[in-house]
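Chain A is the first sequence line, chain B the second, and so forth, proteins listed ahead of strands; every chain is numbered from 1.
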Amino acid sequence: EAGVAQSPRYKIIEKRQSVAFWCNPISGHATLYWYQQILGQGPKLLIQFQNNGVVDDSQLPKDRFSAERLKGVDSTLKIQPAKLEDSAVYLCASSLAVGALHFGNGTRLTVT
Amino acid sequence: AQTVTQSQPEMSVQEAETVTLSCTYDTSESDYYLFWYKQPPSRQMILVIRQEAYKQQNATENRFSVNFQKAAKSFSLKISDSQLGDAAMYFCAYRYTGTASKLTFGTGTRLQVTL
């Protein structure tokens, strides 16, 4: 089975610019997650979708971050405007209703 | 809220030896999953092993096994016959069995494997 696809792999932007990440989950996985992983830390959940509805976005900085999952399949995460502290790896994952999460390769974002 | 604690920031093991990584967690739930994920420099999170809380038997996957102590809320990972390819960050994670629950990670343990 094909895994979770993410793009781009790397992105370098200047502060105050905008950036978008894309994720295509494993086919049939209704639940999709975006995690932020700052260097040296464990991943932190930003937002969780169940189909195309938001289940948990309590840790999403909504003044600058947005995410959508149109049609309940692929998803985009946007940052606008970016800050230096947004430099991190952004991981997308998908899962069935229960069980393990399957992760993509992540996008490394550097904000200068 | 559920929390996961990994108290060993770094561990080192010689090739072919055995190492144990520690993890404790806090939850008020009785039914949940516990996982160990491996993250090599390529960044992808790779599932190593999983444990369902209702199962008393400890999970085993080839050279990887866990010691699950539900009452103590402890979930350690044992790697036997360590190989150079085992070098990575290892994250312990918790997930409640409720539908569409999230995965909560610990802070990770960096494992070095030496010759």
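- There is no contact between Gln6(A) and chain B, counting heavy-atom distances below 4.5 Å.
- Val113(B) and Tyr90(B) fall within the same hydrophobic cluster, defined by Ile, Leu, Val, Met, Phe, Trp and Tyr side-chain heavy atoms under 4.5 Å apart, directly or through other members.
- Residue Lys62(A) qualifies as enclosed at atom NZ: its count of foreign heavy atoms under 6.0 Å is above 12.
- Side-chain N or O atoms of Gln44(B) include none that pairs as donor or acceptor with a backbone N or O of Gly106(A) at under 3.5 Å.
- In this structure, Arg43(B) satisfies the cation-pi test against Tyr10(A), with its NZ or CZ atom closer than 6.0 Å to the six-membered ring centre and inside 45 degrees of the ring normal.
- The hydrophobic cluster containing Leu109(A) does not contain Met45(B), counting ILVMFWY residues as joined when their side-chain heavy atoms lie under 4.5 angstrom apart, directly or transitively.
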Full working for side chain to side chain contact (heavy atoms under 4.5 Å, CB included) between Tyr37(B) and Leu101(A): CA-CA 10 Å; Tyr37(B) 280 87; Leu101(A) 272 62; 3.7 Å; yes
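- For Leu45(A), the part sitting under 4.5 Å from any heavy atom of chain B is the side chain, from C-beta outward, and nothing else.
- Interface remark: Phe49(A) contributes no atoms to any contact with chain B (heavy atom separation under 4.5 Å).
- Of the two parts of Gln41(A), only the backbone, made up of N, CA, C and O, holds a non-hydrogen atom closer than 4.5 Å to a non-hydrogen atom of chain B.
- With a 6.0 Å radius and a threshold of 12 heavy atoms from other residues, nucleotides or ligands, Leu39(A) has its CG atom at or below the threshold.
- At most 12 heavy atoms of other shown residues, nucleotides or ligands fall within 6.0 angstrom of atom NZ in Lys11(A).
- For NZ of Lys78(B), the number of neighbouring non-hydrogen atoms (other residues, nucleotides, ligands) closer than 6.0 Å is 12 at most.
- At least one donor-acceptor pair under 3.5 Å links the side chain of Tyr35(A) to the backbone N or O of Leu103(B).
- Using a 4.5 Å cut-off between heavy atoms, Asn105(A) contacts chain B through both its backbone and its side chain.
- With a 4.5 Å cut-off on non-hydrogen atoms, Leu91(A) touches chain B through its side chain but not through its backbone.
- One hydrophobic cluster, built from ILVMFWY side chains closer than 4.5 Å, cannot hold both Phe91(B) and Tyr94(B); they sit in different ones.
- In terms of heavy-atom pairs under 4.5 angstrom with chain B, the leader among Gly99(A), Ser95(A), Gly104(A) is Gly99(A).
- Heavy-atom pairs under 4.5 Å with chain A were tallied for Met89(B), Gln6(B), Glu52(B), Lys102(B); the largest tally goes to Lys102(B).
- Both Phe65(A) and Leu32(A) sit in one connected hydrophobic cluster of ILVMFWY residues. Membership requires side-chain heavy atoms under 4.5 Å apart, directly or through other members.
- Shown here is Asn62(B), whose CG atom has no more than 12 heavy atoms of other residues, nucleotides or ligands within 6.0 Å.
- Annotation: Glu85(A), atom CD; neighbour count of heavy atoms from other residues, nucleotides and ligands within 6.0 Å is above 12.
- With rounding to the nearest 0.5 angstrom, the OG atom of Ser42(B) is 6.5 Å from the CZ atom of Arg9(A).
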In sequence, state the C-alpha distance, the side-chain angles, and the governing distance for Gln39(B) and Gln37(A), and then conclude on side chain to side chain contact (heavy atoms under 4.5 Å, CB included). CA-CA 12 Å; Gln39(B) 188 179 41; Gln37(A) 187 179 18; 2.8 Å; yes
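- Of the listed residues (Pro43(A), Ala93(A), Gly40(A)), the greatest number of heavy-atom pairs within a distance under 4.5 Å of chain B belongs to Pro43(A).
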